[in-house]
Amino acid sequence: MQNSEIAKAFFDLANLLDIKGENPFKVRAYKNAARVIEGLGESIEKMVHEGEDLTKLPGIGKEIAKKIQELVTTGKLKKLEKVKKEVPPTLLDLLSIEGLGPKKVHELYTKLGITNLKELQEAAKKHQISKLRGFGAKTEEKILKGMHLLKQEGIRFLYAVAKPIAFNLKAYLLKAPTIIKVVIAGSFRRAKETVGDLDILATAKEPALVIDYFTQYPDIIEVVVAGDTRATVVLKNMLQVDLRVVQDKSFGAALQYFTGSKDHTIALRNMAIDMGIKMNEYGVFKGNKLLASKDEIEVYKSIGLCYIEPELRENRGEIEAAAKNALPKLITLQDIKGDLHMHSTFSDGIETIKTMAQKAKLLGYEYIAISDHSASLAIAKGVDEKKIQSYIKEIETTEDEVGIKIFKAMEVDILEDGSLGASKEILEQLDFAWAAIHSKFKLDKTTQTKRILKALQNPFVKGIAHISGRIIAKREPMQLDYETIFTFLAKEGKFLELNAQPERLDVTDVYAKKAKEMGVKFVINSDAHSSKQLEFMEFGINQARRGWLEAKDVINTSSLKEIEALFN
DNA sequence: GCCGTTTTCGGCCCGACTGTTTTCAGTCG
């Protein structure tokens with residue numbers, strides 16, 4: 001059973017109990033546990049099988065641990081089954097309408113007998129809803145409007161897609177009356193691989209003027225809420241944007257609050273409470289005394305912590321590390337000295353080796369590797385016995401012409417049985433190869449893991465590229481025993497690729513952190529198929545930072561000399 | 001239901017906005 005399935009069971013349980021009117025703190029406890037499970041790096045099922053103590057996880061106590069055990073071993077949760085008999089589970093769908101929460105759904109169910117979206121729509125059309133106490137004409141209208149917005153729910157935007165949208169909005173807002181600062185905050189600032197909405201923080205002398213100006217942005221299709229200091233709108237592309245405007249003196253406190261994550265901020269505020277301190281978006285206070293507000297460094301310092309980089313703010317141990325002054329010094333784009341995975345017209349790249357090399361030189365790299373596909377991958381028309389000589393010659397010529405070190409490499413396909421899609425005769429003419437899977441993604445976990453390990457045993461293979469094979473929101477990751485693979489990589493001194501393609505970002509942040517803890521070394525590669533795509537390195541760095549990686553964990557931060565030594 | 005270096009009981013982040021009220025509950029982030 002996947003962590004996500006277990007988390008969903010607890011979310012459903014929490015929401016149904018909430019609708020039923022159960023103690024809200026108990027509801028919150030279930031939701032907290034669900035979030036912890038969702039964000040966990042390792043399989044809860046595996047932890048149960050290995051007899052690990054689940055109550056060591058934050059937010060999981062004796063009762064929830066027992067329920068997890070029950071779910072994993074029987075596939076069912078008696079308490080959830082029981083609640084589903086008391087409260088129709090189709091009521092959960094009603095919660096996805098803007099403005100409907102557990103209390104209102106409870107009223108609709110008990111007073112009007114509404115159990116699903118269809119009945120809700122009918123009741124709204126007959127104007128039965130506005131007659132209920134606590135409801136009115138506006139709520140009824142909102143329900144009817146919310147019905148057709150529902151389908152769009154839950155879509156997330158790739159970071160790389162959201163970026164230009166965010167920058168356009170920022171440029172627009174910087175022209176707002178009395179504006180001082182504009183920062184894209186939220187999950188975008190934390191550089192998550194996808195963002196569900198954009199959270200923008202602004203400071204201004206007169207916030208209300210900025211809100212008014214914001215709601216006139218041409219790409220808006222709906223203004224959901226607009227008050228004096230905050231507004232929520234939906235853009236034509238269905239991206240939701242939240243703007244918060246505060247006085248400039250509150251910038252640091254507001255930025256911390258609006259960057260999140262929610263779990264991180266709640267943990268900070270709880271820590272502050274223990275110290276007799278109150279934290280909100282206006283500042284950090286002891287009684288009436290303002291301790292900090294103007295910048296984030298000061299805000300963190302006021303509760304005894306050093307500054308925590310946004311990418312780490314997920315309540316995954318960063319607060320404890322900050323308290324001990326043991327945070328990692330995160331890798332930056334400037335640390336990267338070369339790119340070791342890219343394609344050319346010799347396989348499915350759209351530009352020549354020369355164009356790729358020129359662009360790499362422009363980016364300031366000391367070295368690159370051209371790593372076209374092996375011929376076994378028919379779709380990419382790779383390098384076979386007939387092409388290998390011209391491939392090598394072209395790389396050598398370009399190296400001299402452009403004046404940048406170019407490694408002769410290959411992204412060699414891993415076949416179904418774990419053997420490689422290129423012969424020894426081809427491989428021994430190259431500097432090294434990355435191994436990668438491009439087909440048969442659905443093999444079971446044991447078979448898939450063995451397949452990768454077998455490929456990695458080949459001496460020409462220096463590492464594994466885009467390990468999970470996932471395409472965000474399009475293809476599920478393969479089932480793998482990551483621990484076994486990471487153990488092998490660390491022991492053999494082979495490398496784990498962090499693929500920077502914005503829809504891959506493979507490995508994920510959570511697994512990167514785990515691999516690092518196990519002593520694995522990384523290579524961050526653009527996997528560029530055009531010279532423009534060499535700039536994707538930025539997205540790989542984002543993911544690496546979210547995975548707590550430092551320059552010393554990543555081999556392509558090394559100088560050419562060091563890299564050559566590594567490959568010999 | 002979870003949690004605890006003052007606590008095993010009594011707390012549980014905190015504030016903006018809306019729509020419905022006639023001073024505030026519910027929802028949201």
Side-chain angles (χ1 to χ4, degrees), chain A residues 10 13-15 17-19 21-37 54-68 79 94-108 129-143 146 185-187 195-201 207-208 211 215 223-233 240-246 250 253-254 256-285 303 315 319 323:
Chain A
F10 284 110
L13 179 59
N15 283 324
L17 289 175
D18 208 358
I19 292 170
E22 179 66 85
N23 174 0
F25 296 109
K26 191 188 275 194
V27 170
R28 188 184 302 172
Y30 280 127
K31 284 191 184 174
N32 283 342
R35 263 203 308 275
V36 167
I37 294 164
L54 298 177
T55 63
K56 280 201 205 120
L57 298 170
I60 293 178
K62 254 170 74 182
E63 293 303 313
I64 293 183
K66 245 195 276 176
K67 289 186 174 65
I68 293 173
K79 177 151 179 139
L94 271 56
L95 292 176
S96 51
I97 291 180
E98 162 87 31
L100 285 193
K103 296 288 188 297
K104 286 215 158 77
V105 171
H106 176 87
E107 286 299 292
L108 291 167
I129 289 169
S130 54
K131 294 191 188 90
L132 284 181
R133 193 182 162 76
F135 291 75
K138 292 233 170 147
T139 309
E140 203 167 65
E141 219 176 281
K142 240 182 166 176
I143 286 171
S187 53
V195 298
D197 61 8
L198 283 179
D199 298 302
I200 306 180
L201 174 71
I211 296 289
T215 58
V223 177
V224 184
V225 291
D228 288 338
T229 71
R230 73 179 306 160
T232 296
V233 304
Q240 181 176 309
V241 184
D242 297 321
L243 173 68
R244 183 71 198 266
V245 192
V246 298
S250 302
Q256 193 296 305
Y257 155 74
F258 223 39
T259 298
S261 66
K262 188 183 162 80
D263 286 352
H264 174 87
T265 299
I266 289 176
L268 289 186
R269 289 181 178 187
N270 282 326
M271 221 182 113
I273 290 171
D274 291 343
M275 301 164 71
I277 290 172
K278 187 174 87 163
M279 275 182 92
N280 60 29
E281 59 263 55
Y282 300 109
V284 184
F285 303 88
I303 52 169
N315 199 21
I319 296 173

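Each chain gets a letter, A, B and so on, in the order the sequences are listed, and its residues count up from 1.
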Task: Rounded distance in Å between the C1' positions of dC9(B) and dT18(B) - done: 37 Å

Task: N/O donor-acceptor pair under 3.5 Å between Asn270(A) side chain and Ile266(A) backbone - done: yes

Task: Residue list, salt bridge (charged side-chain N to carboxylate O under 4.0 Å, His left out) with Lys26(A), at least two apart or on another chain - done: Glu22(A)

Open item on the list: Quick check: do Ile200(A) and Arg244(A) have side-chain heavy atoms less than 4.5 Å from each other?
Closed with: no

Task: Residue met sooner reading DNA chain B from 5', once Ile277(A) and Ala137(A) are mapped to nucleotides - done: Ile277(A)

Task: Thr265(A) (side chain) donor-acceptor with Ser261(A) (main chain) under 3.5 angstrom - done: yes

Task: Inter-nucleotide P distance (dC14(B), dG1(B)), Å rounded - done: 24 Å

TODO: Output all residues satisfying side chain to side chain donor-acceptor pair (under 3.5 Å) with Arg230(A), sequence neighbours left out; order by chain, then residue number.
DONE: none

Task: Lys67(A) NZ/CZ over Phe10(A) ring centroid, <6.0 Å and within 45° of normal - done: no

TODO: Determine the contact category for Pro24(A): base if any of its heavy atoms lies under 4.0 Å from a base atom, sugar-phosphate if only primed atoms, P, OP1 or OP2 are that close, otherwise nothing.
DONE: nothing

Open item on the list: By nearest heavy atom, map Ile211(A) and Lys67(A) onto DNA chain B; which one lands nearer the 5' end?
Closed with: Lys67(A)

Task: Range on DNA chain B touched by chain A - first to last nucleotide, heavy-atom distance under 4.0 Å - done: dG1(B) to dG29(B)

